[in-house]
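Structure first, then comments.
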Amino acid sequence: MKEIIQKDFDIFLGTDVLEKLSEILINNEYSKIFVVMDSNTHKFCWPILSPYIMNYEIIVIPAGEANKTLKYAEIIWAKFQELFADRRAVLINLGGGVISDLGGFCAATYKRGIDFINIPTTLLSMVDASIGGKLGVDFNSLKNVIGVFQNPKYIFINPNFLNTLPQDEKRNGLAEVCKHALIEDKSLFQKLESITSHDWENAGPLIFQSVKIKVAIVKKDPLEKDIRKALNFGHTIGHAIETNSLLNDEVPLKHGEAVAIGIICEAYISKAIMGLSGSELQRITDYFMQRFPKYKGKLNTAKLIEVMKNDKKNREGIINFSLLKKIGKVKIDVNCHDELIEKAINYYKGLPA
Ligand SMILES: NC(=O)c1ccc[n+]([C@@H]2O[C@H](COP(=O)([O-])OP(=O)(O)OC[C@H]3O[C@@H](n4cnc5c(N)ncnc54)[C@H](O)[C@@H]3O)[C@@H](O)[C@H]2O)c1
């Protein structure tokens, strides 16, 4: 088992971490243990976790981003109330980023905050969503617009949960692993280029490397006032595309799929104004185009720019980017003209399917 011990949260990683969870739950003498999960993690992950917990209450919500809403937050809060949860209760979030964002938000706000523990079950949540304390729900079709910062008390990452994760969900997680590599670690990107999402056996060990990058950044800047913005590389355009797709597509893009497009577009902008070389742009483009299908939905630049200007990370309508100077080197707080954003989106549109 590998451990990363921080001032306000601990991360345990390995196939044996659930024994550690058991020990911690007993030692902490919580007054009540709640476990929130979605319909898929109830089916696939709860049977693995349940032998390690005693005296629990489970809350199961339907799977999918469409349920990361105040409606389901109310259902979770109501369950806490109904069962007289006090401030010494704990919530365990068993699932992907939807569950850790939603459950964490409910725990951080109930009675001004109870402990919560993340047990991420998707690659994306193992390397990204479960770490760093950004919690919240989508509101009025805008992603993550209601929320708070609060770290989980513990994170238990057991790669065995990935055994039941569908291939396309693993690929989504790889988009975030790759983002960490692009902003911070050129050699990690080289390793990623040599594996595909089907070649999973070789990708597993990269989780720890990716987790370490995220932890190091959020530790320096927990509230995203400075260097944590680096993690938004690919997400300025990616989030706008994800929001647009949630509104318009019958089968909306997943977070990782939208981020993959965002990374290609923002790499294009990086080449235009930050000195990223043409060959590096090509490598980044190839990496994602070889692994993700070309998006067939509409990309209306004016609408996407409108969403970007509304993003909580931007001020006074100025769109803030984190861009690459080269692979492994990022620069935060860069503005760019709408015309360049349009060119970047057109670059993606022009790529062969
Ligand atoms: N808070 C943050 O810092 C942060 C960072 C990145 C993303 N996010 C958020 O995370 C969410 C995306 O996370 P995600 O990709 O994990 O999505 P998700 O939670 O919806 O999980 C993806 C799908 O996989 C299923 N699933 C999960 N674990 C499984 C398993 N082990 N076996 C089988 N099926 C399983 C889920 O039921 C779901 O259908 C978005 O809402 C995004 O905004 C948050």
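Note that ligands are numbered from 1 as they come in the structure, with each ligand's atoms numbered from 1 the same way. Heavy-atom basis, side chains included; hydrogens, waters and symmetry copies ignored.
- At under 3.5 Å, a nitrogen or oxygen of K68, whether backbone or side chain, sits near a nitrogen or oxygen of ligand 1.
- Aromatic ring centres of Y295 and Y348: separated by at least 6.0 Å.
- No hydrogens or angles considered: a donor-acceptor pair under 3.5 Å links the side chains of S31 and D86.
- Heavy-atom proximity to C45, at under 4.0 Å, picks out these atoms of ligand 1: 30 (C), 31 (N).
- The nearest protein atom to atom 23 (C) of ligand 1, hydrogens excluded, is given as E169 OE2, 3.5 Å; this is a heavy-atom distance.
- Interface atoms of ligand 1 facing T164, defined by a heavy-atom separation under 4.0 Å, are 30 (C), 31 (N), 32 (N), 33 (C).
- The atoms of ligand 1 that sit less than 4.0 Å from any heavy atom of T121 are 27 (C), 28 (N), 29 (C), 30 (C), 31 (N).
- In this structure, of L124, V98, T122, the residue bringing a heavy atom nearest to atom 7 (C) of ligand 1 is L124.
- If you check the side chains of Q6 and N151, you find no donor sitting under 3.5 Å from an acceptor.
- A salt bridge does not link K254 with E65: every distance from a Lys NZ or Arg NE/NH1/NH2 to an Asp or Glu carboxylate oxygen is 4.0 Å or more.
- Side-chain contact check for Q282 and D286: at least one donor-acceptor pair (N or O, by modelled atom type) lies under 3.5 Å.
- Counting heavy atoms under 4.0 Å from ligand 1, residue A63 touches it through the side chain alone.
- Side-chain contact annotation: N144 with K68, donor-acceptor N/O pair under 3.5 Å present.
- Atom-to-atom distance recorded for K20:NZ and M1:CE is 5.5 Å, nearest 0.5 angstrom.
- At the shortest separation from atom 35 (C) of ligand 1 among protein heavy atoms lies L165 CD1, 3.6 Å.
- For the residue pair Q209 and H180, no side-chain donor N or O sits within less than 3.5 Å of a side-chain acceptor on the partner.
- When hydrogens are left out, the protein atom nearest atom 9 (C) of ligand 1 is D101 OD2, 3.4 Å; that is the closest non-hydrogen contact.
- Between the side chain of D38 and the backbone N or O of N40, at least one donor-acceptor pair lies under 3.5 Å.
- Rounding to the nearest 0.5 angstrom, the gap separating the CG atom in L231 from the CG atom in D128 is 7.0 Å.
- Here is the list of ligand 1 atoms found below 4.0 Å of a heavy atom in K214: 3 (O).
- Per-residue contacts place K143 under 4.0 angstrom from the following atoms of ligand 1 (heavy atoms of the residue considered): 40 (C), 41 (O), 42 (C), 43 (O).
- For atom 31 (N) of ligand 1, the nearest non-hydrogen atom of the protein is F161 O, 2.9 Å.
- The closest approach between any non-hydrogen atom of G95 and ligand 1 is not below 4.0 Å.
- Atom NZ of K229 sits in a crowded spot, with more than 12 heavy atoms from other residues, nucleotides or ligands closer than 6.0 Å.
- Counting protein heavy atoms only, atom 39 (O) of ligand 1 is closest to N40 ND2, 3.1 Å.
- Put simply, the residue from L18, I24, I157 that forms a side chain to side chain contact (heavy atoms under 4.5 Å, CB included) with F12 is I24.
- Considering backbone and side-chain N/O atoms, K134 comes within less than 3.5 Å of an N/O atom of ligand 1.
- Ligand 1 places these atoms under 4.0 Å from at least one heavy atom of D38: 36 (C), 37 (O).
- Between the choices G136, A258, G97, the shortest heavy-atom distance to atom 11 (C) of ligand 1 belongs to G97.
- Within ligand 1, counting atoms from 1 as listed, the ones closer than 4.0 Å to a heavy atom of N144 are 43 (O).
- The closest heavy-atom contact to atom 40 (C) of ligand 1, among the options H255, E65, E242, comes from E65.
- Near D128, meaning under 4.0 Å from any of its heavy atoms, are these atoms of ligand 1: 5 (C), 6 (C).
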